[in-house]
J.: 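Before I ask anything, let me first share the structure, which is written out below as structure tokens.
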Amino acid sequence: SGTPSTQGNYTPQFTVTDSINASVSVTLPLAITTLPVLQITAGQTLATGIVGTFYSQLLLASGGVQPYTWTLVSGTLPPGVSLLTGGVVSGTPTTTGTSTFPAKVTDAAGNTQTQTYSITVGLGLIGSMPHLAAEGGWNTTFTVINKGTTSAQTQLNLFDDSGNPLPLPLTFPQIFPPPPVAYNPQPSVSTTLASNASWVVEASGPANVPFIEGSAELNAYGNLDGFAIFHYDPSQQEAVVPMETRNAASYLLAFDNTNGVQTGVALENVSSTAA
């Protein structure tokens, strides 16, 4: 035993002698190498968290002398999340936002390395309203309702038919007196919705341009529901689009084709892969 100071390949001979002086010898190869340098895995991207959902991510390192001990150098993690000494970042996030923090790993020999990480916490998907129409004479009004007993962080996201963010001019009819209307298209809008309160968002735009179609998704932390109504000003036609919150294997759709009434079916893929 001991702490070797020089690397290399050695062939020491060992002799063992018993209590009556009988002995035997053997040569055993011995290789002395250097340990890989302690390093934190470069380029590790931490997964996105969701408010109210348990989060767990392992920070990665290699080399040095195990075991490793991880500590937070400065900054803060998302509220509800902490860094354990074993390198696990875990907890249940309570608010949205992006947190950046440097973490340090120390091996059993006292070697250290530091790296900065970032975690973004968002809101979970509540449901989708898979059809909207705006501009060119169309406007869509979204109504979101908080059915819970506490306030809820709420975000409405708009997408075009290819799944890309869809910036539209948004107004808020509940604000009185209404602010001056400015053509400032937005693909997403957020609010904190009080218990039993509703939130109305209208997407409209100029009438002298081609109309735009797409879909909307509601992300939130809470018990929310809602619907959308899209309306065509020249003919006063309109239709209601309920928010779909289920994740069912199949759906039954009622329809009416009497007296020239038309029924449209809109599908939206809310997953991260094609379906």
Side-chain angles (χ1 to χ4, degrees), residues 45-53 78 93 95-100 118-146 152-175 179-193 198-222 224-232 239-247 264-275:
T45 301
L46 301 187
T48 299
I50 298 176
V51 172
T53 301
T95 59
T96 61
T98 298
S99 298
T100 301
S118 180
I119 298 177
T120 298
V121 177
L123 296 169
L125 178 66
I126 294 293
S128 67
M129 287 168 273
H131 197 188
L132 67 85
E135 305 190 351
W138 289 92
N139 61 76
T140 298
T141 303
F142 302 96
T143 300
V144 180
I145 303 166
N146 182 4
Q153 299 177 60
T154 309
Q155 183 177 46
L156 183 68
N157 301 304
L158 310 178
F159 300 94
D160 64 18
D161 285 340
S162 297
N164 302 309
L166 177 62
L168 289 175
L170 303 178
T171 57
F172 306 91
Q174 289 170 305
I175 299 177
V181 177
Y183 190 79
N184 181 27
Q186 303 174 73
S188 178
V189 63
S190 303
T191 192
T192 298
L193 193 56
S198 63
W199 181 41
V200 179
V201 179
E202 184 176 49
S204 55
N208 58 347
V209 297
F211 72 91
I212 298 173
E213 288 184 287
S215 62
E217 292 178 9
L218 183 69
N219 288 4
Y221 178 55
L224 275 74
D225 206 340
F227 60 92
I229 298 176
F230 59 88
H231 180 92
Y232 187 54
V240 177
V241 182
M243 183 165 70
E244 183 53 72
T245 59
R246 298 170 295 167
N247 184 17
V265 178
L267 303 177
E268 182 192 4
N269 178 12
V270 298
S271 70
S272 59
T273 58

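As a basis for the values below, the full set of heavy atoms in this structure was taken, side chains included, without hydrogen atoms, waters or symmetry mates.
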J.: Does Ser118 have any side chain to side chain contact (heavy atoms under 4.5 Å, CB included) partners at least two apart in sequence or in another chain, and if so, which?
T.: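 If we apply the side chain to side chain contact (heavy atoms under 4.5 Å, CB included) test to Ser118, skipping adjacent residues, the hits are Thr98, Thr100.
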J.: Should the ring pair Trp138 and Phe211 be called parallel, tilted or perpendicular, given that the plane angle runs from 0 to 90° and is split at 30 and 60?
T.: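 If you compare the ring of Trp138 with that of Phe211, the planes turn out tilted.
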J.: Ala134 and Ser204: which non-hydrogen atoms are nearest, and at how many Å?
T.: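 The answer is CB-O, 3.4 Å.
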J.: Quick check for you: to the nearest 0.5 Å, what is the distance between Ile145 atom CD1 and Thr154 atom OG1?
T.: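 Rounded to the nearest 0.5 Å, the CD1-OG1 separation comes to 12.0 Å.
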J.: Indicate the atoms forming the closest heavy-atom contact of Pro93 with Val121, along with that distance.
T.: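 Scanning both residues, the minimum pair turns out to be CB-CG1, 3.6 Å.
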J.: Looking only at non-hydrogen atoms, find the nearest pair between Ile119 and Ala47 and report the distance.
T.: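 Scanning both residues, the minimum pair turns out to be CG2-O, 4.1 Å.
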J.: What pair of heavy atoms forms the shortest contact from Gly214 to Asp161, and how long is it?
T.: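 Taking every non-hydrogen atom into account, CA-OD1, 3.6 Å.
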J.: Tell me, do Asn157 and Pro165 make a side-chain contact under 4.5 Å, heavy atoms counted?
T.: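 The answer is no; the side chains never approach within 4.5 Å.
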J.: If you take all heavy atoms of Asn219 and Leu123, which pair is closest and at what distance?
T.: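 Scanning both residues, the minimum pair turns out to be ND2-O, 3.5 Å.
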J.: Walk me through it: do Thr95 and Gln153 pass the test side chain to side chain donor-acceptor pair (under 3.5 Å)?
T.: CA-CA 8 Å; Thr95 59; Gln153 299 177 60; 5.9 Å; no
J.: For Gln155 versus Ser188, what's the shortest heavy-atom pair and its separation?
T.: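 Where Gln155 meets Ser188 most closely, the heavy atoms are NE2-OG, 3.2 Å.
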J.: Let me confirm one number: the CD-CE distance from Glu217 to Met129, rounded to the nearest 0.5 Å.
T.: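 If we round to the nearest 0.5 Å, Glu217:CD and Met129:CE are 9.5 Å apart.
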J.: Could you list the donor-acceptor pairs under 3.5 angstrom formed between side-chain atoms of residues 266-275 and any protein atom two or more places apart in sequence or on another chain?
T.:
| unit_1 | atom_1 | unit_2 | atom_2 | d |
| --- | --- | --- | --- | --- |
| Glu268 | OE2 | Ser215 | OG | 3.2 |
| Asn269 | OD1 | Ser271 | N | 3.0 |
| Asn269 | OD1 | Ser271 | OG | 2.7 |
| Asn269 | ND2 | Thr273 | O | 2.8 |
| Ser271 | OG | Thr273 | O | 2.8 |

J.: Check the surroundings of atom CZ in Phe142: do more than 12 heavy atoms from other residues, nucleotides or ligands lie under 6.0 Å from it?
T.: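 Counting other residues, nucleotides and ligands, CZ of Phe142 exceeds 12 neighbours.
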J.: Going through the checks in order, is the side-chain contact (heavy atoms from CB on, under 4.5 Å) test met by Leu156 and Leu170?
T.: CA-CA 11 Å; Leu156 183 68; Leu170 303 178; 5.9 Å; no
J.: Might you work through the side-chain contact (heavy atoms from CB on, under 4.5 Å) test for Met243 and Ile126, ending with a clear yes or no?
T.: CA-CA 9 Å; Met243 183 165 70; Ile126 294 293; 3.9 Å; yes
J.: Should Phe159 and Asn164 count as side-chain neighbours, where that means a heavy-atom distance under 4.5 Å?
T.: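 They are not in side-chain contact.
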J.: Could you please spell out the steps behind the side-chain contact (heavy atoms from CB on, under 4.5 Å) verdict for Glu202 and Asn139?
T.: CA-CA 7 Å; Glu202 184 176 49; Asn139 61 76; 3.7 Å; yes
J.: So, Gln174 side chain and Ser198 main chain: donor-acceptor pair closer than 3.5 Å or not?
T.: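 Here the side-chain-to-backbone pair exists.
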J.: Let me confirm one number: the OG1-CH2 distance from Thr191 to Trp199, rounded to the nearest 0.5 Å.
T.: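 The distance works out to 5.5 Å.
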J.: Would Leu166 and Leu132 count as a side-chain contact (heavy atoms from CB on, under 4.5 Å) if you check the C-alpha gap in whole Å, the side-chain angles of each, and the deciding distance to 0.1 Å?
T.: CA-CA 11 Å; Leu166 177 62; Leu132 67 85; 4.1 Å; yes
J.: Would you confirm whether Ser162, through its side chain, and Asp160, through its main-chain N or O, come within 3.5 Å as a donor-acceptor pair?
T.: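 No; judged by distance alone, with no hydrogens or angles, the pair does not exist.
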